[in-house]
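Nothing fancy with the numbering, it's 1 onward along the sequence. Heavy atoms only: backbone and side chains are in, while hydrogens, waters and symmetry mates are out. The structure displayed is predicted, hence computed values, not measured ones.
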Amino acid sequence: AGAGGAGAGGRGGGGPPQKSGKRKQSTKNQMRSITRLLSREGLPEKMRLEKQREMESLQGIAVENKQAERERTMAVRYHKVKFFE
């Protein structure tokens, strides 16, 4: 029944220590990162093709995400109470 401080290192405590900075990048950030990588000189052709394919798939995901976000905002907007008496 410890009182904080050193020891388990966060919630849970049982498993291996986890790095707090390792979150999945957003689709937009991934696309930006790949765009910057592709603009570099001297990138191997195999890697360039691989990243271009990844970029195409990310663009499809981004379109889906944008549509889902728009649907969520519309759902919230039109589920509000419209009239008060």
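- Heavy-atom minimum distance, T27 versus L58: CG2-O, 3.5 Å.
- Residues L37 and M31 share a hydrophobic cluster, clusters being chains of Ile/Leu/Val/Met/Phe/Trp/Tyr side chains in contact below 4.5 Å.
- Between the CG atom of N65 and the CD atom of Q67 there is a distance of 11.0 Å, given to the nearest 0.5 Å.
- The side-chain contact (heavy atoms from CB on, under 4.5 Å) check on Q52 picks up L38, R48, L49, with sequence neighbours excluded.
- With R72 as the fixed residue, the side chain to side chain contact (heavy atoms under 4.5 Å, CB included) test singles out one of R70, E69, M74: E69.
- When the side-chain contact (heavy atoms from CB on, under 4.5 Å) test is applied to Q25, the partners found at least two apart in sequence or on another chain are N29, Q30.
- Here S26 contributes atom OG and R32 contributes atom CZ; the two are 10.5 Å apart, rounded to the nearest 0.5 Å.
- Salt bridge annotation for E50-R53: absent, with no cationic side-chain nitrogen under 4.0 angstrom from a carboxylate oxygen.
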